[in-house]
Amino acid sequence: NDNMKIILATHNTNKISEIKSHLKETKIEVISLLDLKDYEEIIEDGHTFLENAIIKAKAIAKKYNTLTLADDSGLEVSALNNEPGIYSSRYSGKGDYQNNLKLLDNLKGITNRDARFVCCLALVEPNSSINSFEGVLEGTIAKEVITEQGFGYDPVFIPNGYNTTLDLLGSNIKNTISHRANALNKFVDFIKK
């Protein structure tokens with residue numbers, strides 16, 4: 001099979017470009033829901049990243065009868081009982097910058113700043129067989145948010161081994177060490193087999 005087609009079950013432009021660039025060395029052709037102009041809402045009512053990724057992948061695999069990859073990811077902060085977790089993107093209800101402010105507010109006066117980004121990828125075949133790949137990036141939460149433009153929680157997340165936040169490390173480093181990169185590496189290894 002020379003050129004494998006995979007539908008990527010997301011509208012998130014950041015995720016799409018990150019995943020497409022990660023897979024450009026492979027023979028996988030990635031088609032996103034944006035490419036398909038498919039805006040039908042999928043209700044993600046799972047309780048974990050993996051459950052939500054599987055819900056998305058299953059719905060699209062069935063709809064298009066095509067191999068589908070879905071990603072669900074977010075931030076888990078130890079001192080907050082692993083919140084925001086699956087609610088990461090809608091933590092404040094007001095977008096990324098407000099999410100960061102709410103997180104910092106909830107961590108006021110707390111010394112344990114340990115956190116991790118988690119990414120679960122679910123690969124679903126039209127015959128419903130499921131494979132999943134998890135990637136994690138460990139780090140700590142900064143004391144303040146410096147930029148309003150960063151993606152997600154990148155402006156407040158300092159990866160272990162680095163002394164600056166993820167958004168300031170630049171996309172080359174980010175796309176090498178990120179939770180999504182870790183999960184994608186496992187996915188690519190699996191596809192090659």
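Numbering of residues begins at 1 and proceeds along the displayed sequence. Just the heavy atoms: all of them, side chains too, but no hydrogens, waters or symmetry mates, feed the values below. Keep in mind it's a predicted model, so treat the numbers as computed, not measured.
Between H179 and F117, the two ring planes are parallel [angle under 30°; tilted spans 30° to 60°].
For the ring pair (Phe, Tyr, Trp, His ring centres under 6.0 Å) condition, no pair includes a residue of residues 74-107, sequence neighbours left out. Among residues at least two apart or in separate chains, salt bridge (charged side-chain N to carboxylate O under 4.0 Å, His left out) pairs with a member in residues 42-54 are E44-K56.
Side-chain N or O atoms of N65 include none that pairs as donor or acceptor with a backbone N or O of P126 at under 3.5 Å. At least one donor-acceptor pair under 3.5 Å links the side chain of T68 to the backbone N or O of T66. When atom types are taken as modelled, the side chain of N100 and the backbone of G152 share a donor-acceptor pair closer than 3.5 angstrom.
The local environment of CG in N163 is sparse, with at most 12 non-hydrogen atoms from other residues, nucleotides or ligands closer than 6.0 Å. The number of heavy atoms from other shown groups lying within 6.0 Å of CG (D189) is above 12. Applying the 6.0 Å contact sphere to CG of N172 captures no more than 12 heavy atoms from other residues, nucleotides or ligands. Environment of NZ in K58: sparse, with no more than 12 heavy atoms of neighbouring residues, nucleotides or ligands closer than 6.0 Å.
L23 is connected to I6 through a chain of hydrophobic side-chain contacts under 4.5 Å among Ile, Leu, Val, Met, Phe, Trp and Tyr, so both are in one cluster. Hydrophobic clustering of Ile, Leu, Val, Met, Phe, Trp and Tyr side chains at less than 4.5 Å, counting indirect connections, keeps V136 apart from L184. Both F187 and I19 are members of a single hydrophobic cluster when ILVMFWY side chains are connected at heavy-atom separations under 4.5 Å. Hydrophobic clustering places Y162 together with V77 (ILVMFWY residues linked when any side-chain heavy atoms are closer than 4.5 Å, directly or through intermediates). The hydrophobic clustering, which links ILVMFWY residues whose side-chain heavy atoms are closer than 4.5 Å, places L101 and L80 together.
The side-chain heavy atoms of K94 and K102, taken from C-beta on, include no pair separated by under 4.5 Å. A 4.5 Å side-chain heavy-atom check between L36 and I31 finds at least one atom pair inside the cut-off.
Tested against H22 for a side-chain hydrogen bond (donor to acceptor under 3.5 Å, both in side chains), the candidates N185, T176, N175 yield a single pass: N185. Only one option out of S88, S89, S92 pairs with N99 in a side-chain hydrogen bond (donor to acceptor under 3.5 Å, both in side chains); it is S92. Evaluated for a side chain to side chain contact (heavy atoms under 4.5 Å, CB included) with F151, the options L166, D167, N12 yield exactly one hit, N12.
Not counting sequence neighbours, F49 has no partner by the ring-ring contact (aromatic ring centres under 6.0 Å, His included) test.
Taking CD of E40 as the start and CG of L33 as the end, the distance is 10.0 Å to the nearest 0.5 Å.
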